[in-house]
Asker: 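Dropping the structure in here first, questions after.
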Amino acid sequence: MQTITISPTLASWREAARELLLKEISPAEILFEDGSQSPSLFLTDDVKATPTPAAKGEELSHYDPRILPQLNIPKSFLDLAEMVACNRDPERWSLLYQAVHRITLDRERQLLRVSTDPLTRRLTELSKAVSRDRHKMKAFVRFRKIGELEENGREQFVAWFEPEHFIVELTAPFFAKRFASFDWSILTPERCAHWDGERLEFTQGVEASQAPQDDELEDYWRTYYASIFNPARLKLKAMQSEMPKKYWKNLPEAPLIADLTSSASQRAMKMVEDGPNTTREHVSAKVPTGAQHPDTDELGLAPEEALAKVAELSMAQLDAEATACRYCPLYEAATQTVFGEGPPSARVMLIGEQPGDQEDIAGRPFVGPAGQLLDQALLQAGLKRENLYLTNTVKHFKFKSQGRRRLHERANAEEIHRCKPWVLAEILKVQPEVIVLLGSTAAQALIDPSFQILKQRGLVKELTPLAPTVVATVHPSFLLRLKDKTQTEEEMARFVADLKLATKSRS
């Protein structure tokens with residue numbers, strides 16, 4: 001058996017694998033050795049892996065790519081390899097070569113779709129382990145403030161984390177998007193990531209003693225954590241599974257967990273005795289800089305799969321599947337999925353465009369400035385919010401950072417298309433008599449891509465399977481953008497008139 005020495009990087013393995021495939025080397029004849037204990041993974045951009053042409057005068061193999069272009073590696077394999085390469089399993093390189101050999105030389109092009117194949121199953125397990133570790137990193141990294149730069153006033157934060165796999169370079173871009181407005185470093189024992197507002201840099205790992213132990217923001221975070229802890233929803237075993245004790249030592253809220261969980265049953269009973277809380281308090285102002293909300297751990301059903309199984313799923317199950325959705329990149333920077341809310345048998349359903357900044361933090365639709373204006377308009381139209389089902393066409397907040405602010409950015413056609421099955425599933429579960437579409441995104445996604453909201457607002461005359469009655473109108477954020485007071489009052493009156501169509505329409 002021949003030992004192939006590579007550096008511990010995906011790029012190095014890919015280069016070696018190309019050469020081995022050209023020589024038709026069987027996986028049984030080689031053993032990969034990464035030649036170093038360094039866990040650094042400088043992952044390269046995903047490009048099509050095509051074997052190099054034979055040199056002049058070199059005999060062409062019957063597997064040469066100029067004869068059999070099937071040697072080109074499918075993107076699905078490269079995506080999987082990117083994840084598997086971050087796993088600590090020392091067999092990962094050999095397993096990847098077994099797979100690429102079968103896909104190319106053995107012509108098993110659909111190998112990765114055969115979930116029962118032992119090799120596919122093993123690679124999937126390695127990939128999922130890396131994915132879980134990345135979600136843990138996103139959920140449990142806690143930044144501590146260490147100061148501000150005198151020249152520009154940018155705040156500086158440092159976090160300490162101990163990943164199970166080599167995920168720092170793969171996961172750091174998430175934090176660069178999510179926390180672009182301040183400088184930060186994430187320190188780990190093997191690899192460190194640094195962000196200066198413009199670029200990411202990586203350095204060798206450090207010891208835990210180099211990370212700060214506390215900062216003034218953590219008291220605010222602990223107060224916030226205690227205030228949002230819901231004892232009625234406590235599932236201790238699930239909590240311990242999602243938040244293993246190995247992470248507790250780095251979490252500022254960890255000292256609160258024992259007290260909060262021990263008193264959960266008493267607090268839950270008191271909540272029942274006190275009755276429902278009908279006030280809607282905005283929580284976004286309480287979130288401290290650097291606070292990161294827990295992320296889900298498992299990849300759920302694809303949106304299309306969930307829609308196909310909608311009859312079998314409850315609304316709560318649909319919510320859970322949407323929360324686990326990772327089928328477009330919007331989830332990476334968003335705090336959480338914002339699913340719909342309201343009675344599952346509501347007569348009227350309102351569908352907006354996408355969550356905003358405050359909705360992203362609170363996890364509820366229409367709680368920000370546009371939501372407050374919508375509440376006013378609903379009252380004037382004779383509609384009670386508690387009787388309506390409210391949701392959005394897109395379930396994650398898309399934004400661009402500008403200093404400390406997160407500015408709304410419209411979802412593109414692909415993102416809307418990938419998210420559309422979720423809102424269709426909600427429509428099928430609620431089966432409303434009336435649907436009110438708020439804004440161009442909702443109308444164009446659910447009626448017609450060429451729909452012009454300002455020209456075609458009001459009752460939608462075209463037949464549509466969405467509901468017996470469909471009303472299209474502007475999004476309340478449109479009213480917030482108006483500068484002229486008189487125009488604002490006129491448009492508010494038109495908006496209320498559109499909403500009243502939902503009260504007049506009866507099946």
Side-chain angles (χ1 to χ4, degrees), residues 138 154 171-184 195-200 282-285 287 289-293 295 303 322-323 325-340 350-374 390-423 437-447 449-454 472-483:
K138 294 175 185 178
R154 283 177 64 86
T171 314
F174 165 84
F175 293 95
K177 291 181 181 178
R178 185 67 179 83
F179 305 116
S181 60
F182 56 79
D183 297 344
W184 52 259
W195 170 254
D196 64 1
E198 295 181 358
R199 64 185 182 278
L200 275 169
H282 298 287
V283 300
S284 58
V287 180
T289 304
Q292 176 60 30
H293 290 256
D295 202 349
T323 298
C325 184
R326 299 293 181 267
Y327 290 90
C328 85
L330 289 187
Y331 81 91
E332 295 179 353
T335 303
Q336 58 192 313
T337 301
V338 181
F339 203 66
L350 272 65
I351 304 175
E353 299 187 339
Q354 70 175 40
D357 179 77
Q358 294 191 32
E359 288 82 4
D360 175 66
I361 298 297
R364 298 179 57 207
F366 295 101
V367 297
Q372 295 174 39
L373 191 147
L374 176 62
L390 288 82
T391 190
N392 282 295
T393 309
V394 177
K395 305 303 183 187
H396 286 109
F397 178 37
K398 183 177 183 179
F399 63 91
K400 57 183 178 182
S401 298
Q402 187 177 86
R404 295 174 179 270
R405 302 175 61 198
R406 299 191 298 169
L407 302 180
H408 171 277
E409 192 171 26
R410 183 170 180 172
N412 61 38
E414 177 63 21
E415 292 158 348
I416 294 171
H417 173 73
R418 293 314 305 265
C419 214
K420 183 177 176 179
W422 295 120
V423 71
L437 302 173
L438 303 173
S440 296
T441 296
Q444 291 172 0
L446 297 172
I447 300 178
S450 63
F451 195 93
Q452 295 179 294
I453 200 72
L454 294 179
T473 187
V474 297
H475 194 278
S477 61
F478 166 76
L479 304 177
L480 294 176
R481 294 193 294 269
L482 298 176
K483 303 297 184 182

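When a residue number appears, it is its place in the shown sequence, counting from 1.
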Asker: Enter the distance from Arg418:CZ to Cys325:SG here, rounded to the nearest 0.5 Å.
Answerer: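 Rounded to the nearest 0.5 Å, the CZ-SG separation comes out at 7.5 Å.
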Asker: Considering residues at least two apart in sequence or located in another chain, which fulfil the side chain to side chain donor-acceptor pair (under 3.5 Å) criterion with Arg199?
Answerer: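 Partners of Arg199 under the side chain to side chain donor-acceptor pair (under 3.5 Å) test: Asp196, Glu201.
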Asker: State, yes or no, whether a side-chain contact exists between Pro173 and Lys177 at a heavy-atom distance under 4.5 Å.
Answerer: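 No. Closest side-chain heavy atoms not under 4.5 Å.
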Asker: Ring pair (Phe, Tyr, Trp, His ring centres under 6.0 Å) with Phe339: which residues, sequence neighbours excluded?
Answerer: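 Phe339 satisfies ring pair (Phe, Tyr, Trp, His ring centres under 6.0 Å) with no residue once adjacent residues are dropped.
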Asker: Taking side chain as C-beta onward, heavy atoms only, is Ser181 less than 4.5 Å from Arg406?
Answerer: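 Not touching, per the 4.5 Å side-chain cut-off.
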Asker: Ignoring hydrogens, what is the shortest heavy-atom contact between Asn392 and Pro355? Give both atom names and the distance.
Answerer: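 The answer is ND2-N, 3.9 Å.
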Asker: Set out, in order, the CA-CA distance, both residues' side-chain angles and the distance that settles side-chain contact (heavy atoms from CB on, under 4.5 Å) for Asp357 and Phe397, then state yes or no.
Answerer: CA-CA 7 Å; Asp357 179 77; Phe397 178 37; 3.9 Å; yes
Asker: With a 4.5 Å cut-off on side-chain heavy atoms, are Trp184 and Phe175 touching?
Answerer: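 When only atoms from C-beta onward are counted, Trp184 and Phe175 do touch, with a gap below 4.5 Å.
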Asker: State which residues pass side chain to side chain donor-acceptor pair (under 3.5 Å) with Thr473; sequence neighbours excluded, sorted by chain then number.
Answerer: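 Counting only residues at least two positions away or on another chain, Thr473 forms a side chain to side chain donor-acceptor pair (under 3.5 Å) with Arg457, Asp498.
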Asker: Closest heavy-atom contact between Trp195 and Ala180?
Answerer: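 Looking at all heavy atoms of both residues, the closest pair is NE1-O, 3.4 Å.
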Asker: For Leu482, enumerate each residue passing the side chain to side chain contact (heavy atoms under 4.5 Å, CB included) test, keeping only those at least two apart in sequence or located in another chain.
Answerer: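 By the side chain to side chain contact (heavy atoms under 4.5 Å, CB included) rule, Leu482 matches Phe478, Leu479, Gln487, Thr488, Glu491.
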Asker: For Lys398, which residues count as a side chain to side chain donor-acceptor pair (under 3.5 Å) partner, sequence neighbours excluded?
Answerer: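 Listed in chain order: Glu415.
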Asker: Measure the CG-NE2 distance between Asp360 and His396 for me, rounded to the nearest 0.5 Å.
Answerer: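 Separation between the atoms: 8.5 Å.
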Asker: List the steps, then state whether side-chain contact (heavy atoms from CB on, under 4.5 Å) holds for Trp422 with Thr337.
Answerer: CA-CA 11 Å; Trp422 295 120; Thr337 301; over 6 Å; no
Asker: Quick one, Leu390 and Arg364 - any side-chain contact, counting heavy atoms below 4.5 Å?
Answerer: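 They are not in side-chain contact.
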Asker: May I ask you to test the Glu353-Thr393 pair for a side-chain heavy-atom distance under 4.5 Å?
Answerer: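 No, too far: nothing below the 4.5 Å cut-off.
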Asker: For the atom pair CG (Leu350) and NE2 (His475), what is the distance rounded to the nearest 0.5 Å?
Answerer: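 Between atom CG of Leu350 and atom NE2 of His475 there are 9.5 Å.
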Asker: Distance check, rounded to the nearest 0.5 Å: Leu437 atom CG versus Leu446 atom CG?
Answerer: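 Spacing of CG (Leu437) from CG (Leu446) equals 6.0 Å.
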Asker: Would you compute the distance between atom SG of Cys419 and atom OH of Tyr331 and round it to the nearest 0.5 angstrom?
Answerer: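 Between atom SG of Cys419 and atom OH of Tyr331 there are 14.0 Å.
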Asker: If you apply the rule side-chain contact (heavy atoms from CB on, under 4.5 Å), what do you find for Thr335 with Arg178, and how did you get there?
Answerer: CA-CA 8 Å; Thr335 303; Arg178 185 67 179 83; 2.7 Å; yes
Asker: Where is the tightest heavy-atom contact between Gly352 and Ala442, given as atom of each residue plus distance?
Answerer: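 Closest approach of Gly352 to Ala442, heavy atoms only: O-CB, 3.6 Å.
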Asker: Quick one, Ile453 with Gln444, criterion side-chain contact (heavy atoms from CB on, under 4.5 Å). Give me CA distance, side-chain angles, the key distance, then yes/no.
Answerer: CA-CA 9 Å; Ile453 200 72; Gln444 291 172 0; over 6 Å; no
Asker: Run the side chain to side chain donor-acceptor pair (under 3.5 Å) test against Thr171 and tell me which residues pass, sequence neighbours left out.
Answerer: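 If we apply the side chain to side chain donor-acceptor pair (under 3.5 Å) test to Thr171, skipping adjacent residues, the hits are Arg134.
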Asker: Ignoring hydrogens and angles, tell me if any N or O in the side chain of Glu359 forms a donor-acceptor pair with the backbone of Pro365 under 3.5 Å.
Answerer: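 Not a single qualifying donor-acceptor pair exists.
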Asker: What distance do Thr323 atom OG1 and Lys395 atom NZ have between them, rounded to the nearest 0.5 Å?
Answerer: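 Answer rounded to 0.5 Å: 10.5 Å.
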Asker: Can you find a heavy atom in the side chain of Val394 that is under 4.5 Å from one in the side chain of Ile416?
Answerer: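 Side-chain contact under 4.5 Å: yes.
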Asker: For Gln354, which of Glu409, His408, Arg410 qualifies under side-chain hydrogen bond (donor to acceptor under 3.5 Å, both in side chains)?
Answerer: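 Among the candidates, only His408 passes.
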